[in-house]
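What follows is a single structure, written as structure tokens, with notes after it.
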Amino acid sequence: MNDPERDQLIRQALVDEMHALPSIIREKMDDTYENLPNRRSVRRNRLVLQTAVLLVTLIICILSLGFISPVMANYLSNLPIIGSAFQSAGDIGLKQAGEELASTSTRQTITDKGVSITLDQVVYDGSRISIGFLHDSKVKFLDIDPRNIQISGSSVSSGYGLRNSEVAPGITATVLTTTVDQVLPNQFSLEIQIKHIQTWENDVKKDLKGDWSFKASVVKVLDGVIEKTFNPPLVKNLEGIKISLTEVAATPLTTRVSFDLVRPNDMEPEHIFAEKRSEGETTVQRELKFKLFDQQGKEISPLSVHGSASGDGIEHKIALFAPLGETQIQYLILRTYVITTPVKKSDSNAYVSVGQPAEKHLSDLDFVIPLIR
Amino acid sequence: MALILDIVKAKKGDKDAFERIIRTIEVVLYRTSKAFLQSDDDCADAMQETVFRAYRSINSLKESAYFKTWITRILINECKRIMHRNRNVVSFSDDYIAAVLDPELTKIELWDIIDRLDSSHKAVAILYYYVDLSIKEIAKELKVPEGTVKSRLHRARELVALQLQGQPERSDTV
């Protein structure tokens, strides 16, 4: 059999063998379809099209100048921009409601070492602080130390996640989201210091140290927020796993579930690193996963999980999920799963996956959480 | 023909037509993203951003017949962006990185073989066999010489054939 014949058979076999998507992809795509904005017809007359092209070119030129000139940067901070950081690089909650709930008068541009960074938007809903930046696409990484996100000199973050996306040619939005595990005032001044960035140009990485420090007045989102505290906590136990549910909160941006977790050592993914194994030896890595469902059984998209541990072996977990939207939700269901992944010790002190992870639902740990809106 | 008609409608701003097009190629997008990215979370992000970008810029597509190639190019760029981001940033949402496949997917055999190829061979094999890109187009997208694509494809073909020959139930097809 020659190559073209073999290629044709491989092609056909691949097509024949499909086709289901993993559930996480299925849900994300369904969310994507639901969130596609309405687009106007493209039938425009030539004059309108030419004017639009001219206008966009002009705006891009002005924006580009802003990144190399401090004077233009000042203008930049006062100009309306094509697309915001939240719209471009925000998660599903920020895309849906971040725009209108962001604290106003946030936009400011700082230039140092010839690089301008614009603080575009900040929002705080009691569960997380999200901060949107705009910068030159050559700036690939904003190295933000969590200790440098502060209120009145005290750090409010112990970890964060970053997302970025190109807003317009040459301009990138970066959105930083940090989970807040303390009660913050309804109005506060947030300080963010960036001391180090990385730029990439012509495949050359460059580290730049400088000072891009921002101060923003932030107003907590209060409208449409439902918080429910459980004191004493709701508790479930199973085979050494203990979950104590302390709080659930639904905001227009986020659904937050807070709980304390105690689990056996071998349920921690890092556990395998503490055990001695020779190269090539196989084992299984086990970890817990938490999913949230509404009363119709529809899974609510996960955003992040943040954890901190106290000396007594109790982990304080805050799991963030997508907002609940307009639907009348009477209760939520938190389900716990154990994920088992076969792994093999590789040549370094690392493990590689050697099979598909298996998921087991621990139904005895299900929580039905009342949530009347 | 239905696909072409939907592309024409999508260019005129028909959201439903656009959704229909994407639904027909979702699996292609997923498989392609999986050639570049490890976690399904990242694949989902890449696919979502690709769909938004394609939706916003579908009018820049000149030949409707090249829709699949066009959107694959957007997806590859998005995957590269995420790969770059992952080199720099450790997400705090590790709890969700482990992806779980639907039971149906675990039955796949030839895809299992493709998945076991190393990343450079996997990307070439998927773009060639599944997305139907030419060797020249793959070279352009991956920024490698055509000769490199040919040698990787040759190696991938050998590995796939070897694996398939080892499976009695597949021996009649190759």
Side-chain angles (χ1 to χ4, degrees), chain A residues 1 3 6-7 9-15 17-29 31-33 35-43 140-141 143 159-166 179 198 200 269 287-290 302-307 319-320 337 339 341 356-359, chain B residues 10-15 18-19 22-23 26-27 29-31 40-41 43-45 47-49 51-53 55-56 58-59 81 84-85 88-89 91-96 98-111 114 125-126 128-130 132 154 157 160-161 164 170 173-174:
Chain A
M1 184 179 292
D3 282 350
R6 187 178 289 165
D7 285 350
L9 285 171
I10 292 173
R11 275 199 181 96
Q12 193 53 51
L14 285 173
V15 172
E17 275 187 359
M18 294 307 289
H19 307 291
L21 286 171
S23 56
I24 189 168
I25 304 278
R26 176 71 278 140
E27 284 154 17
K28 189 99 174 196
M29 292 305 286
D31 282 345
T32 305
Y33 297 136
N35 288 295
L36 282 176
N38 287 320
R39 206 163 52 85
R40 286 194 318 146
S41 166
V42 296
R43 285 183 188 167
K140 295 296 182 194
F141 179 47
D143 185 7
Y160 63 84
L162 287 176
R163 297 164 61 104
N164 54 39
S165 177
E166 201 165 56
T179 309
Q198 277 179 357
W200 283 77
E287 60 184 316
L288 295 176
K289 183 176 182 180
F290 304 95
L303 297 180
S304 68
V305 173
H306 172 77
L320 300 186
Y337 298 78
I339 310 294
T341 309
Q356 296 293 349
E359 180 182 84
Chain B
K11 281 184 167 183
K12 290 177 181 170
D14 186 333
K15 194 161 78 170
F18 182 81
E19 183 179 327
I22 301 296
R23 282 191 186 278
E26 277 175 339
V27 181
L29 296 178
Y30 171 63
R31 281 295 175 188
D40 278 1
D41 264 340
C43 291
D45 283 346
M47 288 170 69
Q48 183 179 56
E49 195 56 35
V51 171
F52 279 131
R53 277 172 190 265
Y55 183 67
R56 284 198 296 263
I58 192 166
N59 290 309
R81 189 186 64 75
H84 184 80
R85 179 191 73 188
N88 288 320
V89 179
S91 166
F92 65 94
S93 59
D94 288 346
D95 290 37
Y96 292 123
V100 180
L101 296 180
D102 284 346
E104 277 194 62
L105 262 186
T106 60
K107 294 174 192 164
I108 290 168
E109 294 161 0
L110 186 51
W111 276 113
I114 298 278
I126 288 177
Y128 184 76
Y129 288 120
Y130 201 59
D132 288 336
H154 177 72
R157 187 187 284 126
V160 170
L164 286 176
R170 283 273 169 205
T173 59
V174 176

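Naming convention: chains lettered A, B, ... in sequence-line order (proteins, then strands); numbering from 1 in each chain.
- Residues satisfying the ring-ring contact (aromatic ring centres under 6.0 Å, His included) test with F18(B), not counting sequence neighbours, are Y55(B).
- Contact of R53(B) with chain A is made through the side chain alone, with heavy-atom distances under 4.5 Å.
- Between M29(A) and R23(B), the closest side-chain pair of non-hydrogen atoms is not below 4.5 Å.
- Only the side chain of E49(B) comes within less than 4.5 Å of a heavy atom of chain A; its backbone N, CA, C and O stay farther away.
- In plain terms, the two heavy atoms of T32(A) and V51(B) that are nearest each other are CG2-CG1, 3.7 Å.
- The ring-ring contact (aromatic ring centres under 6.0 Å, His included) search around Y337(A) returns H361(A), not counting sequence neighbours.
- When heavy atoms are compared at a cutoff of 4.5 Å, E27(A) does not approach chain B at all.
- The two atoms that bring S165(A) and R81(B) nearest to each other are N-NH1, 4.1 Å, heavy atoms only.
- Residues I24(A) and A44(B) come closest through the heavy atom pair O-CB, 4.5 Å.
- Ion pairing between D45(B) and K28(A) holds under the 4.0 Å rule for side-chain N and carboxylate O.
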